[in-house]
Amino acid sequence: MRRARRVIIDTDPGLDDAVAILFALSCGRFEIVGLTTVAGNIGIETTTRNAGRLLALMGRADVPVVAGASAPLRRGGIEERAIHGDDGLGGVMLPAPQASPLEGAAAWMAKVLTEGAAHSIDVLALGPLTNIARLVLDHPEAAGRIGRLIVMGGAIDEPGNVGPRSEFNLACDPEAADIVLRAGLDTTLIPLDVTRKVRAGRDWLSALRASGGRAAGTCADLIEAYFASSGGRESRPLHDPCVMLFALQPALFAIDTRDVSVELGAGADAGALLTGRQDGVALRVALRVDAAGALRLLADGLR
Ligand code: BDR
Ligand code: CA
């Protein structure tokens with residue numbers, strides 16, 4: 001039996017964040033050290049509460065929730081209420097949190113990274129990179145102890161979902177993205193190029209619901225809400241779960257190295273990844289995915 005990988009999940013739940021977290025809690029392959037929360041899809045109070053609600057659902061109030069940044073480093077945030085709903089989880093019924101959240105995500109991450117063996121904890125980043133940038137800025141030695149940093153964010157050869165080239169997580173806090181991507185960590189980007197290929201459709205959803213169990217049933221409810229908030233479209237991309245899938249089974253993804261830098265201007269493409277510039281940093285990016293294999297692994301872990 002393979003040992004569970006220790007992970008910190010940095011997140012802004014968010015419908016697809018919630019599916020990713022439920023997968024991580026139910027698949028038995030992760031030891032979740034904590035959930036750190038960030039403002040993104042919705043404000044920090046709601047993302048923090050949602051993290052606690054998901055843990056309560058799964059009977060895992062022992063996993064700490066640590067609230068982080070309430071706003072990007074230097075700009076106003078962008079919210080995605082139209083997709084994720086005013087409660088961030090599309091109105092899906094979940095129990096109230098059973099434990100109070102801690103405060104200070106970056107300092108908390110620094111503490112657990114320093115206490116654990118170097119490179120023994122991966123950080124799975126599902127939201128804007130504000131907390132991780134704070135970790136890099138304020139606790140650089142601790143940041144250097146991260147194992148793998150796997151980030152859902154950006155678009156390489158694919159149009160954006162905020163501006164023509166910009167993706168939500170990086171567009172929310174471009175300065176944070178710039179700091180994190182230049183930090184020299186063992187970083188892999190999981191951009192829209194692959195997350196748009198891993199799609200929940202009606203048949204997959206029906207099979208998931210039929211498989212039974214709390215995580216699968218709640219994920220089916222969350223994805224139904226995602227269909228409803230997308231004008232009834234019944235094929236939606238599972239962005240954040242791809243981070244968990246890459247963490248478990250990298251061979252599902254084809255990885256290439258690209259020199260990228262982050263657009264730091266004020267226009268619609270703030271946060272876009274620029275390639276071919278002199279100041280670019282070489283990063284590993286996922287450019288292709290075995291989508292059928294990814295959906296199979298996701299469904300198996302949720303059962
Ligand atoms: C990313 O943006 C958010 O809305 C999703 O939760 C995901 O992390 C996709 O661009
Ligand atoms: Ca997210």
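Atoms within a ligand are numbered from 1 in the order they appear, just like the ligands themselves. Along the sequence shown, the residues carry numbers beginning at 1.
- For the atom pair CZ (F246) and CZ (R284), the distance works out to 6.5 Å, reported to the nearest 0.5 Å.
- With respect to atom 2 (O) of ligand 1, the closest heavy atom belonging to the protein is F168 CD2, 3.3 Å.
- The N, O or S atom of D240 lying closest to the Ca ion (ligand 2) is OD2.
- D12 contributes OD1 as its N, O or S atom closest to the Ca ion (ligand 2).
- Backbone or side-chain N, O or S atoms of D16 do not reach the Ca ion (ligand 2) at under 3.0 Å.
- No side-chain heavy atom of I146 sits under 4.5 Å from any side-chain heavy atom of D186.
- Atom 8 (O) of ligand 1 has its closest protein heavy atom at D240 OD1, 2.7 Å.
- Here the heavy atom of the protein found nearest to atom 4 (O) of ligand 1 is N41 OD1, 2.6 Å.
- Among the atoms of G127, no N, O or S atom falls under 3.0 Å of the Ca ion (ligand 2).
- For atom 6 (O) of ligand 1, the closest non-hydrogen atom of the protein is D16 OD1, 2.6 Å.
- Side chains of R199 and S235: a donor on one and an acceptor on the other come within 3.5 Å.
- With a 4.0 Å cut-off on non-hydrogen atoms, L15 does not touch ligand 1 at all.
- Evaluated for a side chain to side chain donor-acceptor pair (under 3.5 Å) with H84, the options T46, N50, N41 yield exactly one hit, N41.
- When E80, H239, E167 are checked for heavy-atom proximity to atom 1 (C) of ligand 1, E167 turns out nearest.
- With F30 as the aromatic partner, R5 does not meet the cation-pi criteria of under 6.0 angstrom to the ring centre and within 45 degrees of the ring axis.
- Taking 4.5 Å as the limit, every side-chain heavy atom of F253 sits out of range of all side-chain heavy atoms of T188.
- Using a 4.0 Å cut-off to heavy atoms of L126, the atoms of ligand 1 that qualify are 8 (O).
- Counting heavy atoms from C-beta on, the side chains of L297 and L252 come closer than 4.5 Å.
- Within a 6.0 Å sphere centred on CZ of R288, heavy atoms belonging to other residues, nucleotides or ligands number 12 at most.
- No side-chain N or O of T47 forms a donor-acceptor pair with one of D12 less than 3.5 Å apart.
- The H84 neighbourhood of ligand 1 comprises atoms 4 (O), with distances under 4.0 Å to a heavy atom of that residue.
- Ligand 1 places these atoms under 4.0 Å from at least one heavy atom of M152: 1 (C), 7 (C), 8 (O), 9 (C).
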